[in-house]
Structure formats: C-alpha cells, structure tokens
Amino acid sequence: MPTVASLLKGIQFPSAIINAAGAKDVSRADLDALGASASGAIVIKTATVEHRDGNVTPRWTTDEMGSLNSMGLPNLGYQRYVEYMPQLKAYGKPLIASVSGVNDGDNETMIAAYHAAGVDMVEVNLSCPNIAGKGQLGYDFVASKAMLERCRAQTDKPMGVKLPPYLDNYHFEAMAEVLQQTNVDFIVTINSIGNALFIDPDREMKLIAPNSGFGGLGGRYVKPTALANVHKFFQLVGDQMPIIGVGGVVSGTDVFEHILAGASAVGVGTQLVNEGPDVFTRLNAELADVLAAHGYDSVEAARGQLRELAA
Ligand code: DHB
C-alpha cells in the first residue's frame, strides 16, 4: 500500500491530511480529539493575544455544497495554547500554531512564545475575513511584506503564510515575490473566500447573524479556486516552498487533486466540522487507494504531476 505520510521542511507528517486552522481546534477537548485522531498534525486555531468569544451566533451554516462562517476569531488566547503544548506534543505529530494579531506587535509576541515553547511550525494568517474594520493583510502586498519581515525575525522554525484566495495573475506573482523576499518556508492556501452570502429564500432571510450576513465561503463551493491557487503557487515557487492545499476536500480523490496540483499536505475544514475527527481515518484510506490505483507509492511521488491537456 502507498504511504500517506509526507515530509515538509524536514518535519515528518504521519499523514499528509491535517485539520485546516479554525475547524474544531479551539478548545482543549478539540485539540485532544485531533491528537487522538488520524490527522497528520495538530493545527491550533488562529490565536490572538487576548482570549476572544468571537462574533454573535449563529455564525456558521452549512449546506450540501459547503459552509459560510463569520466566527470572529473565537480562541482561548495564545498563552493557553502555549500551556497545552507539552501534552499536545505527546501525540507524536507536528504541532502547528496559527497567529493573527489585532494590534501592532501581537504576531511577533505570539510567534516568539510559540517558538520558545517548541512549536514545530508557525502559520501567519494573512487572511481572516471576519474582523470588522480589519482588511485582509494578504490583499495588501506592501503591508504583508512588512509583517512577514517582523515575524521572520522571531523564529527560525518553519514559518508559513495562510493566504486568501487570489483571482488575478498579478496577485499571484506579487505575493510569490513577497514570500521569496521574506524567506517564508511554506504556503497554506486557500482561506475561505471572503464576503459570501447565503440566503434562505423561504424566510427571505440571511443565514448567519454577524457582519450583515456576510462570511467566508468554504467546502465544495471553493475547490476549483483552491486547486488553482495551489497550482499557481506551485508553478511560481513550488520548488522552494511546500504547499498545504486547503479547500473543498470531502474525499480522497479531492486530496489527490490537491496533490496533483502541487500540495505536499492537505487541510480539511468544512468536512471536519460536518463529519468530526474520524474524517481523517476515512480520508487516509481513500487517499491510499487512489494513490495505489494511479501507481504512486507516496504523496511526494504524485506531487505536482498534473498534466497539460494537449491541444
Ligand atoms: C476566522 C476565520 C478565518 O477564515 C480565519 O482565517 C481566521 C479566523 C474567524 O472568523 O474566526
């Protein structure tokens, strides 16, 4: 049987399939459940310096095609997660922190603390779409560069970025240049597609309460955009930076598509929330079957093998 393991920047993932930041990873119980599951890593909810309750509810909804959320960064505050780290590390898989400060200096403070506590990898989230009055940093290339320079100075552990979806070639190229200039180690793409709107036509009503009903779109709805973002960054910087593909993963075949597009690991968000942590057992088995059916013995062997359609 092929192996579903993967190696990113020298860090061994027992499976290439991991939780996407934000999906069932806020509480200690959530994180223990991820540790006990077949996920290839434990990704901790994007943290802020202070604890946050997040936005008013209902702030998440799902249908057969995906999900809409405006959570508003509910999290325990990074210090609690730092406290949990020794026990979380005992699960024997990489521990990945995610940070999105709301004030100047917050990301640096959090990264320095996670580094000192022995985190394996850090994701700088440049793409939270749900904080009122805060634009997504990932859409401002100058501000992203300045932020990543400050973050890079805090750690020599693998440091990556969580990117928003891009739709324009100029944007892919501009962000790829920033990532190279700031010595970023890995890319996580995509975050949810911001400012989507679900409508219940029967009630003539919005389906989530915060932010006038607007929220981040995830799930099957976003897979083609996710695959395109993975593949664009693979073409631009894939030889320098491993990519964690996120978006629309429901089956092992979806994972395989991300790998063909250039992902070395794949995050699961909406489907993890809908199915629970057992999703990883199912997806690992499905991915092994798909790799075998296509004659690959590993994720690495299949990475980026997507072929052009001959004209
Ligand atoms: C939240 C949503 C995101 O997409 C993200 O990257 C970070 C936080 C949230 O609303 O909690």
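As the structure is a computational prediction, the values presented were derived from the model and not from experiment. What's counted below: heavy atoms across the whole structure, side chains too, no hydrogens, waters or symmetry copies. Atoms within each ligand, like the ligands themselves, are counted from 1 in listed order.
Both Tyr139 and Val124 are members of a single hydrophobic cluster when ILVMFWY side chains are connected at heavy-atom separations under 4.5 Å. Taken together through direct or relayed side-chain contacts under 4.5 Å among Ile, Leu, Val, Met, Phe, Trp and Tyr, Val43 and Met159 form parts of separate hydrophobic clusters.
Those atoms of ligand 1 with a heavy atom of Asn125 less than 4.0 angstrom away are 5 (C), 6 (O), 7 (C). Here is the list of ligand 1 atoms found below 4.0 Å of a heavy atom in Ser192: 4 (O).
Taking the centre of each ring, Phe198 and Phe214 stay at or above the 6.0 Å mark. Taking the six-membered ring for Trp and the full ring otherwise, the centers of His171 and Phe141 sit less than 6.0 Å from each other. Checked against the 6.0 Å centroid threshold, Tyr81 and Tyr114 do not count as a close aromatic pair.
Within 6.0 Å of atom NZ in Lys9, more than 12 heavy atoms from other residues, nucleotides or ligands are found, so the atom counts as buried in its surroundings.
Counting heavy atoms closer than 4.0 Å to ligand 1, residue Lys45 contributes side-chain atoms (C-beta onward) but none from N, CA, C or O.
In terms of protein heavy atoms, atom 6 (O) of ligand 1 is closest to Asn191 ND2, 2.5 Å. The closest protein non-hydrogen atom to atom 3 (C) of ligand 1 is Pro129 CD, 3.5 Å. At the top of the distance list for atom 2 (C) of ligand 1, counting protein heavy atoms only, stands Asn130 ND2, 3.6 Å. Among all protein heavy atoms, the one lying closest to atom 8 (C) of ligand 1 is Cys128 SG, 3.3 Å.
The heavy atom nearest to atom 10 (O) of ligand 1, considering only Gly194, Gly72, Pro210, Ala20, is found in Gly72. Counting only non-hydrogen atoms, the option in Leu217, Asn69, Leu73 that gets closest to atom 11 (O) of ligand 1 is Leu73.
Not a single N or O atom of Ser70, backbone or side chain, sits closer than 3.5 Å to an N or O atom of ligand 1. No N or O atom of Thr46 sits closer than 3.5 Å to an N or O atom of ligand 1.
The side-chain contact (heavy atoms from CB on, under 4.5 Å) test with Met241 singles out one residue from Leu179, Leu8, Val161, Asp185, and that residue is Leu179.
In this structure the side chain of Val249 reaches within 4.5 angstrom of the side chain of Leu283, judged on heavy atoms.
The shell of residues lying under 4.0 angstrom from ligand 1, judged by heavy atoms, includes Pro74.
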